[in-house]
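Notes follow the structure.
Residue numbers begin at 1 in each chain, while the letters A, B, ... track the order of the sequences.
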Amino acid sequence: MTILLKEVEEIAKLAKLKFNDEERQKLQKELDTIIIYMDRINELNLEGVKPLEDVNETLENVSRVDINALSLSKEDALKNAPAKTEDYFKVPKVI
Amino acid sequence: MFSNYKKLRENLESGNVWIKEVVDYYLSNIEKGKHLNAFLSVFKEEALERAELIQQKLNSNTAGKLAGMVIAVKDVLSLKNKPLTCASKILENFTALYTATSVQRLIDEDAIIIGKTNCDEFAMGSSNENSAYGAVKNPYDETRVPGGSSGGSAVSVAADMCMTALGTDTGGSVRQPASFCGVIGMKPTYGRVSRYGLTAFASSFDTVGVFANNINDCALVLDVISGKDEMDSTSVDVPAINYNDDINDIKKLKIGYVKENFAEGLDKEIYDVINEKIDKLRQNGFEIKEIHTPHSKYSVQAYYILTTAEASSNLARYDGVRYGVRAKESVTIEEMYINSRTEGFGSEVKRRIMLGTYVLSAGYYDAYYKKAQKVRRLIKNDFRKAFEEVDLIISPAAPSDAFKIGEKVDDPLAMYLNDIYTTTANLTGNPAICIPAGRDSKGLPIGLQITGKDFDEVSVLKLADFMIRYLPGSSQFPG
């Protein structure tokens, strides 16, 4: 077993997801199968290989002239909010 | 209606046909094919209004390159003031606030966006069964899947509901459904087309691709949507594609094939068809060479480690605060996050978020994520080396034909393995196309993949065009 039920629960917490017992057991089996398959990359000797992060390897810092540009209006930003006041997103009490 | 845009344009310009008739024709096909579930929204009124406006532009000779071309767009691409669901419940009420660059470029050239197409939720899937709005059906056999994730876009072109369609391709999501539905599907080089307005799944893999019924239309649309965009820092400033269908020099192109690709897991009929095509190319005077990409057998592993990691990070934004569905009856903010995500995401999306969170979590980051990035470099190096010897690589597009709806839903790994021939081009960034190569004994389409050098879409398109035009069995489209 590459991943324990307890680990599935911990990962779910990090991912902010919730599973019932049945779902968790199913997920454990599925993840186990997939992780065993993924583990095959360990057959490779990867020493000294530089990780590839950007396929074109052309990325550099991009800056633009510091002038006002079009951005979302307050009305637009709030348009899709599930709960809002006139100026803010509304969420359950935090403090 | 017309076999390609050039013919349509001639008929529009000579006044033989009006744009409104073209729009009506596709709208009626969309209605007829409703049971295929290819569209999540159809913009009938706007399309007809646009038809009138563009007709006037045509009459005054000010119409754009795509005047009157009816195009469908996968519902992971933004179109301002229209729903953007990503085929997810979590975005069922979401309205896009801006338009994706690729879509805007189509509109600027007077194309008509006819609707948004169904797909796997957040583009995660190979069968289009992961849509919160129901599976899409394959027009060749409605008990079978159209492929995924851009299944709706592939079907919309195959069933003549539009002339071309945009899809997105993160690991084969344009090419594999093209293969299953018997149409052309092209994934450009990473960076060729702006990702601005494409809902992020795995940002270092995501590309916008094109579905079409012929190479000229495919090249035309690809050319229009291409180009550097200041809204996407990974878009690259390279010369335009400028495709023309002159194939006089075509035989100068050296073609390679990877022997390891023709091994276990590949359907025998597909094996035979692809081999036959390679033989025919040889008979036609092409230089064909066997090449080796020893690390590509680790593609699916590297692909799923890296893309689930990126997805788990990208999808953290769906928290029920600023947009999307918010679960009711959550007392604390933490409960609200958890309940909203748990109710809003489908099972495949959750599985990938879990995998991605796992490979990024403390203790596993170096064991999986970093290693997979190294494997990605080895695969990229394999292809760089291969492309010193050949200009193009031919391979199968998928290991099977369109499978039955429900056949693989309980076996996620079997589903992932359907991406075995397509994920490499997303790991390396190279352009790749899938073209119809014939039918199998069940009458289902078989696709052939051509991969090219970085930013050499032209050679890919030229060989594709040659094969469709001159090698029998390459252009069997539904009538």
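- Chosen from Leu315(B), Val300(B), Val359(B), the residue pairing most often with chain A at heavy-atom distances under 4.5 Å is Val300(B).
- Separating the CG atom in Leu427(B) from the CG atom in Leu52(A) is a distance of 9.0 Å, to the nearest 0.5 Å.
- With a 4.5 angstrom heavy-atom cutoff, Leu417(B) touches chain A only via side-chain atoms.
- Only the side chain of Val94(A) comes within contact range of chain B, judged by heavy atoms closer than 4.5 Å.
- Proximity to chain A (any heavy atom under 4.5 Å) is shown, for Phe205(B), by neither the backbone nor the side chain.
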Enumerate, including both backbone and side-chain atoms, all donor-acceptor pairs under 3.5 Å from chain B to chain A.
| residue | atom | partner | partner atom | Å |
| --- | --- | --- | --- | --- |
| Asn81(B) | OD1 | Lys79(A) | NZ | 3.3 |
| Thr95(B) | N | Asn80(A) | OD1 | 2.9 |
| Thr95(B) | O | Asn80(A) | ND2 | 2.9 |
| Tyr190(B) | O | Asn56(A) | ND2 | 2.8 |
| Tyr298(B) | OH | Glu43(A) | OE1 | 2.6 |
| Arg322(B) | O | Ala81(A) | N | 3.4 |
| Arg326(B) | NH1 | Lys90(A) | O | 2.8 |
| Arg326(B) | NH2 | Lys90(A) | O | 2.7 |
| Glu334(B) | OE2 | Lys16(A) | NZ | 3.0 |
| Asn339(B) | OD1 | Lys18(A) | NZ | 3.0 |
| Arg341(B) | NE | Ala15(A) | O | 3.1 |
| Arg341(B) | NE | Lys16(A) | O | 3.3 |
| Arg341(B) | NH2 | Ala15(A) | O | 3.0 |
| Thr342(B) | OG1 | Lys18(A) | N | 3.0 |
| Arg351(B) | NE | Glu30(A) | OE1 | 2.9 |
| Tyr364(B) | OH | Glu7(A) | OE2 | 2.9 |
| Tyr368(B) | OH | Asp39(A) | OD1 | 2.7 |
| Lys371(B) | NZ | Asn42(A) | OD1 | 2.5 |
| Gln373(B) | O | Leu52(A) | N | 3.0 |
| Arg377(B) | NE | Lys50(A) | O | 2.7 |
| Arg377(B) | NH1 | Glu57(A) | OE1 | 3.1 |
| Arg377(B) | NH1 | Glu57(A) | OE2 | 3.3 |
| Arg377(B) | NH2 | Pro51(A) | O | 3.2 |
| Arg377(B) | NH2 | Glu57(A) | OE2 | 3.2 |

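- From Leu97(B), atom CG reaches atom CG of Leu72(A) across 5.5 Å, with rounding to the nearest 0.5 Å.
- Nearest heavy-atom pair, Pro82(A) versus Gly324(B), reported as atom, atom and distance to 0.1 Å: CG-O, 3.7 Å.
- For Leu17(A), the parts lying under 4.5 angstrom from a heavy atom of chain B are both the backbone and the side chain.
- Top candidate by heavy-atom pairs under 4.5 Å with chain A, chosen from Ile353(B), Val321(B), Val331(B), is Val321(B).
- For the atom pair Ile305(B) CD1 and Ile35(A) CD1, the distance stands at 9.5 Å (nearest 0.5 Å).
- With Met354(B) as the fixed residue, the side chain to side chain contact (heavy atoms under 4.5 Å, CB included) test singles out one of Ile11(A), Ile3(A), Leu14(A): Ile11(A).
- Ala367(B) and Ile41(A) get closest at one heavy-atom pair: O-CD1, 4.5 Å.
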